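What follows is a single structure, written as structure tokens, with notes after it.
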Amino acid sequence: MGYFTVCRISKKNGRDMKNNRISEKILFGAFSILLEWERSNANLDECLDKLRGEGSEGSPAVASLLFEYFRHKGFIDDLILSRARKGGVKQELRALLACALTPAVFQTGIAAQSAANVAVDCAKRKFGHGPAAFVNAVLRSALQSEEVRNPPASSFPQTLKNHWEKIFGPEQTAALIDAYAVNPPPVFRLRGELPESGSEFVRELPRLDFTAPFRFYEILQPEKFFRLNWLEKGLVYVQDPATTLALSLLDAAPEGEVLDACAAPGGKSILLWDWAKMAGSTLKLTAADRSPQRLQTLKLNLNRAGVRARTVQASAQENPFAEKSFNLILADVPCGNSGVIRRRCDAPWRYSGKKLLDVSTLQWDILNSLARLTAPGGQLLYSTCSIEPDEDEKQVERFLENHPEFHLVRQRKLYPEALHDGAFGALLKRD
């Protein structure tokens, strides 16, 4: 019998059968999420949220598999397409093959033969004998190939690479791709004192010039750490140090009437609240988001963190608030996620010139809408998790040209690297 078989012999060992069922569940879960990602405009995290919310068995493994796939998407896709007749593969079969090849080539949790057997069995049950034979043939050919014996560290879309080389130059672009290739550890911000019990599962990160007064920790053993329920107790918030960049541009802790205009899921609202609490300033916080589903997540996270805020369902483009009513407005706008490619490894594969134009147009609309809400002497804090000039510096330049009542106090950009993601922030003040 060959290395790959369409009809795998069932094993009587109960442990092996259980492992195979779990492997099948992971494969089908990843297959379903990948198809959803391809057929929608949602990012990978949004596609995974439902699976996580259901507490589905194997959901961390599904997420791990898909993160690994996107870091090697070009390589995996080429393995499949080069073995299909005239490069044609039905979308569902290609997605299934991608989810089988990724763990077989790049993960150690399952042997290549086992991953292939599970995929062939799944294909036979879902699509029939003919498609299963095709899956079997592609897997056999790919896993015996020279390419698989020497796979690249990562693959990156050439279109985006070319675009960045024009903007940033080859050296900076190479550094960005190197950062993308590494799977970063989960990181959290500590809210208060570090409990003694469980502290062995974490390690404090170096304090950077933009993170004060906040403290960030790397999670060394995620499986054990999340059993501590620190997140549920409001002791920590899972976020990257780069999330504090925009706030670091402020001269003092926030106070008075403050609006977080694109607030969900709540990370920056909690930052604003915590900083005000540390400084002893009086903060009247309004947290708004246009999506009713995201608003529910926002309310849950604010309640868990003990943040007292008025939550409002409102679009930042067409907000219901009175003119000149806020001392500080945080505009953490939707963006192309180019700064967070370490953690959102699907983002580079979403890039196109049209999408960049669409998101920058949305940002422009939001900035114009929020400008009228800023009180005289008040501040508009513009924030993105992008490194694209069209979403960052050029957006600010355009805003100032059209709003002479504002001036730029300061701005700053971070590029993703080993200790943090990328981000941009600009502090604008109304005269």
Side-chain angles (χ1 to χ4, degrees), residues 40-43 45-46 49 246-247 254 256-273 283-302 307-337 350 354-386 388 390-392 394-408 424-431:
S40 72
N41 289 319
N43 62 50
D45 273 343
E46 290 169 338
D49 277 346
L247 270 66
E257 294 285 350
V258 175
L259 170 66
D260 186 354
C262 308
K268 286 191 172 64
S269 288
I270 298 171
L271 275 169
L272 290 165
W273 177 266
L283 179 66
K284 296 181 180 178
L285 179 62
T286 299
D289 202 273
R290 67 179 297 176
S291 163
Q293 292 80 17
R294 286 169 58 83
L295 192 69
Q296 290 305 312
T297 302
L298 171 65
K299 290 178 178 179
L300 174 66
N301 287 334
L302 295 184
V307 173
R308 293 194 297 275
R310 175 174 59 141
T311 55
V312 180
Q313 183 182 339
S315 166
Q317 295 168 272
E318 301 172 357
N319 53 72
F321 307 109
E323 291 191 14
K324 303 178 181 179
S325 56
F326 292 99
N327 306 108
L328 171 66
I329 298 176
L330 172 60
D332 187 34
V333 296
C335 70
N337 294 320
R350 287 288 199 207
K354 182 183 183 304
K355 288 187 177 179
L356 178 58
L357 177 60
D358 288 345
V359 76
S360 61
T361 300
L362 173 61
Q363 293 165 347
W364 173 245
D365 290 345
I366 290 173
L367 272 173
N368 278 315
S369 175
L370 296 178
R372 67 179 184 81
L373 304 185
T374 310
Q379 299 176 114
L380 176 55
L381 186 56
Y382 180 68
S383 170
T384 78
C385 57
S386 171
E388 290 284 347
D390 284 354
E391 299 182 62
D392 298 340
K394 290 183 180 180
Q395 198 73 276
V396 172
E397 289 173 13
R398 182 184 177 194
F399 177 82
L400 293 172
E401 288 172 0
N402 286 270
H403 292 275
E405 72 275 20
F406 282 84
H407 69 271
L408 175 65
F424 174 81
L427 180 60
L428 305 160
K429 188 169 183 177
R430 185 166 192 165
D431 299 325

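This one's a predicted model, so the numbers in the text were calculated from it and none came from an experiment.
At a threshold of 4.5 Å between non-hydrogen side-chain atoms, the residues L247 and L272 count as touching. V258 places none of its side-chain heavy atoms less than 4.5 Å from the side chain of N327. You'll find the side chain of R350 stays beyond 4.5 Å of the side chain of N43, heavy atoms only. In this structure the side chain of W273 reaches within 4.5 angstrom of the side chain of R308, judged on heavy atoms. N402 places a side-chain heavy atom less than 4.5 Å from the side chain of W364. Looking only at side-chain heavy atoms (C-beta outward), Q296 and Q293 stay at 4.5 Å or farther from each other.
The CG atom of L302 lies 10.5 Å from the OG1 atom of T297; values are rounded to the nearest 0.5 Å. For the atom pair CG (L357) and OG1 (T361), the distance works out to 4.5 Å, reported to the nearest 0.5 Å. The CG atom of L259 lies 7.0 Å from the CG atom of L373; values are rounded to the nearest 0.5 Å. Taking CD of E257 as the reference point, atom CG of L285 lies at 9.5 Å (rounded to 0.5 Å).
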Determine all donor-acceptor pairs shorter than 3.5 Å in which one atom belongs to a side chain in residues 376-384; sequence neighbours excluded.
| residue | atom | partner | partner atom | Å |
| --- | --- | --- | --- | --- |
| Y382 | OH | Q363 | OE1 | 3.3 |
| Y382 | OH | E391 | O | 2.7 |
| S383 | OG | D332 | OD1 | 3.0 |
| T384 | OG1 | S386 | N | 3.1 |
| T384 | OG1 | S386 | O | 3.4 |
| T384 | OG1 | D392 | OD1 | 2.8 |

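Remark: N319 engages S369, R372 in a side chain to side chain donor-acceptor pair (under 3.5 Å) (not counting sequence neighbours). Taking N41 as the reference, nothing meets the side chain to side chain donor-acceptor pair (under 3.5 Å) condition, with sequence neighbours excluded. Applying the side chain to side chain donor-acceptor pair (under 3.5 Å) test to N368 and every residue at least two apart in sequence or in another chain returns H403. With sequence neighbours excluded, the residues forming a side chain to side chain contact (heavy atoms under 4.5 Å, CB included) with A42 are S40, E46, C47, listed by chain and number. Partners of P334 under the side chain to side chain contact (heavy atoms under 4.5 Å, CB included) rule, at least two apart in sequence or in another chain, are C262, L362, I366. Qualifying side chain to side chain contact (heavy atoms under 4.5 Å, CB included) partners for L408, counting only residues two or more places apart in sequence or in other chains: V396, L400, Q411, A426, L428. Take R290 and apply the side chain to side chain contact (heavy atoms under 4.5 Å, CB included) test, not counting sequence neighbours, and it matches S315, Q317. The salt bridge (Lys or Arg N to Asp or Glu O under 4.0 Å) check on R294 picks up D289, with sequence neighbours excluded. With sequence neighbours left out, the side chain to side chain donor-acceptor pair (under 3.5 Å) criterion links R310 to T286.
Across all their heavy atoms, P254 and L328 have their closest contact at CB-CD2, 3.9 Å. Nearest heavy-atom pair across V359 and G336 is CG2-N, 4.2 Å. The minimum heavy-atom distance between A331 and L370, with the atom names listed, is CB-CD1, 3.6 Å. Nearest approach of L298 to A287, heavy atoms of both residues: CD2-CB, 3.9 Å.
Heavy atoms from other residues, nucleotides or ligands lying under 6.0 Å from NZ of K355 number more than 12.
Between the side chains of S269 and D260, a donor-acceptor pair is found at a separation under 3.5 Å.
Applying the salt bridge (Lys or Arg N to Asp or Glu O under 4.0 Å) definition to pairs two or more places apart or across chains, none involves residues 313-323. Sorted by first and then second residue, the pairs that involve residues 356-371 and meet salt bridge (Lys or Arg N to Asp or Glu O under 4.0 Å), not counting sequence neighbours, are K354-D358.
Judged purely by atom type and a 3.5 angstrom limit, R430 uses its side chain to pair as donor or acceptor with the backbone of A371.
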